[in-house]
There are 2 protein chains.
Amino acid sequence: MNKKNTLDFPKLMDRFEQVCKTRGLRLTHQRTEIFRALIRSMNHPTTEFVFNQVRKHLKTISLDTVYRTIATFEEFGLIKRVHLLDNTTRFDTNLAVHHHLVCTKCKRIEDFYWPDFDQIKLPKTISHWNKIEVRNVVINGLCSNCNKKK
Amino acid sequence: MNKKNTLDFPKLMDRFEQVCKTRGLRLTHQRTEIFRALIRSMNHPTTEFVFNQVRKHLKTISLDTVYRTIATFEEFGLIKRVHLLDNTTRFDTNLAVHHHLVCTKCKRIEDFYWPDFDQIKLPKTISHWNKIEVRNVVINGLCSNCNKKK
DNA sequence: CTATGTGCAAAGTCTTTGCTCCATC
DNA sequence: GATGGAGCAAAGACTTTGCACATAG
């Protein structure tokens with residue numbers, strides 16, 4: 001479960017087709033192209049971005065299909081929605097446990113891994129909360145590009 | 001800098017008036033009421049919620065004034081915008097370093113403090129990022145209410 | 001008195017929905 | 001062939017903006 005896996009496109013496409021097959025989702029041209037666009041756009045794409053990517057190959061795609069399809073993918077656990085910036089919905093195809101860096105200047109989002117954090121105990125003060133599913137860290141700072149420029 | 005402070009309304013109102021005075025912001029009735037509504041609504045209110053609260057005391061308040069005023073407050077560092085749930089913009093008046101619990105069922109947001117986390121070193125893998133300003137943890141789970149019900 | 005801030009209305013975004021036709025299984 | 005999915009258009013939700021009047025300093 002590391003970054004390499006997220007770049008193994010054929011494997012991800014296989015998994016996608018498997019999920020569709022086993023869960024009764026029809027394997028349409030549109031879904032395939034949308035999923036492909038999602039996994040190829042590393043930088044946590046917006047719906048609009050995915051739409052534009054898909055349109056390059058599928059001229060007749062409509063924006064609402066992208067919305068609907070992405071919602072379906074989310075529901076079936078193929079992607080995740082992330083809320084990191086001012087209300088631009090973005091998606092994450094990296095399903096491994098990871099965290100996010102957000103550049104305060106260019107708004108770039110980068111994934112990072114932090115096993116040490118993943119293992120530390122939560123504070124006692126929140127023991128009244130149960131079934132902790134996800135614990136994510138968001139870090140705001142300057143990415144290397146923006147830091148150079150400055 | 002702890003939870004108690006965030007509940008000290010008079011002190012917070014004083015600070016608000018100070019900031020307005022020193023930074024040349026006119027102290028209008030609307031701004032005062034909006035700020036009051038913000039600090040009194042503990043649960044990370046939405047713009048709509050603030051609007052409704054203020055309207056109880058100020059019948060003529062308009063929604064766009066709330067939007068504009070909140071943007072001003074944010075700009076002047078009086079509140080912070082949080083992105084934790086499906087694109088409902090919410091605000092945080094707790095300016096102390098803290099983290100968030102988000103209930104996966106009722107969507108409630110709760111603050112928590114985690115000094116141990118605040119002090120641990122970031123992984124070496126992200127040393128190419130600079131000027132880390134904020135490091136926040138978001139934890140998803142079941143709040144005590146929802147856990148009881150289930 | 002002056003310039004900032006508010007209210008109103010209108011326009012922008014972004015997202016969802018109803019319906020008909022199409023394509024996958 | 002049957003049914004789930006796509007495309008179209010329209011409506012909804014949320015947010016921003018231009019302008020004229022009001023009000024804090």
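Proteins come first, then strands; the chains are lettered A, B, ... in the order of their sequence lines, and each starts at number 1. Since we're looking at a predicted model, the values are computed, not measured.
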| Would you say B/Arg31 reaches C/dG5's phosphate, i.e. side-chain N/O to OP1/OP2 under 4.0 Å? | yes

| query | Counting any heavy atom closer than 4.0 Å, what does B/Thr72 reach on the DNA or RNA strands: base, sugar-phosphate only, or nothing? | reply | nothing

| said: Measuring to OP1 and OP2 of C/dT6, would you say a side-chain N or O of B/Thr65 lies under 4.0 angstrom away? | reply: no

| task | Ignoring hydrogens and angles, state whether a donor on the side chain of B/His128 or A/Glu110 is under 3.5 Å from an acceptor on the partner side chain. | result | yes

| query | Say you draw a straight line from CG of B/Asn136 to CG of B/Leu84; how long is it, rounded to the nearest 0.5 Å? | reply | 8.5 Å

| request: Return the value, rounded to whole Å, for the distance between atom CZ of A/Arg68 and atom P of C/dC19. | output: 12 Å

| request: Apply salt bridge (charged side-chain N to carboxylate O under 4.0 Å, His left out) to A/Arg90 and list each qualifying residue two or more places apart in sequence or on a separate chain. | output: none

| task | Report the residue (B/Ala71 or B/Thr28) whose heavy-atom-nearest nucleotide on DNA chain D is the more 5′ of the two. | result | B/Ala71

| message | Expressed as a whole number of angstroms, how long is the span from A/Glu48:CD to C/dT16:C1'? | response | 15 Å

| task | Would you kindly give the CZ-to-P distance between B/Phe51 and C/dT6, to the nearest whole Å? | result | 14 Å

| Taking NE2 from A/His83 and P from C/dT15, how many angstroms apart are they, rounded to a whole number? | 11 Å

| message | Does a side-chain N or O of A/Tyr67 approach OP1 or OP2 of C/dT16 to a distance below 4.0 Å, or not? | response | no

| request: Please confirm whether A/Arg81 makes a cation-pi placement over A/Phe91, using NZ or CZ under 6.0 Å from the six-membered ring centre and within 45° of the ring normal. | output: no

| remark: By nearest-heavy-atom nucleotide on DNA chain C, the more 5' of B/Ser62 and B/Arg26 is B/Arg26

| note | Assign each of B/Asp64 and A/Gln30 the nucleotide of DNA chain D bearing its closest heavy atom; nearer the 5' end lies the nucleotide of A/Gln30

| note | 5'-most to 3'-most nt of DNA chain D touching chain A (<4.0 Å, heavy-atom partner on protein side) reads D/dT3 to D/dT15

| Pairwise side-chain contact, A/Gln30 with A/Leu58, heavy-atom cut-off 4.5 Å (strictly under) | yes

| message | It should be established whether B/Thr60 places a side-chain nitrogen or oxygen under 4.0 Å from OP1 or OP2 of nucleotide C/dT6. | response | no

| field | Rounded distance (nearest 0.5 Å) linking atom OG1 of A/Thr69 with atom CD of A/Glu33 | value | 12.0 Å

| task | Report the distance from atom NZ of B/Lys59 to atom C1' of C/dT6, rounded to the nearest whole Å. | result | 18 Å

| message | Tell me the interatomic distance from B/Glu33, atom CD, to C/dG7, atom P, rounded to whole angstroms. | response | 12 Å

| said: If you assign A/Thr47 and B/Leu58 each to the DNA chain C nucleotide with the nearest heavy atom, which residue ends up on the more 5' nucleotide? | reply: B/Leu58

| Is it the case that one hydrophobic cluster holds both B/Ile139 and B/Val134, taking links as side-chain heavy atoms less than 4.5 Å apart, direct or via other members? | no

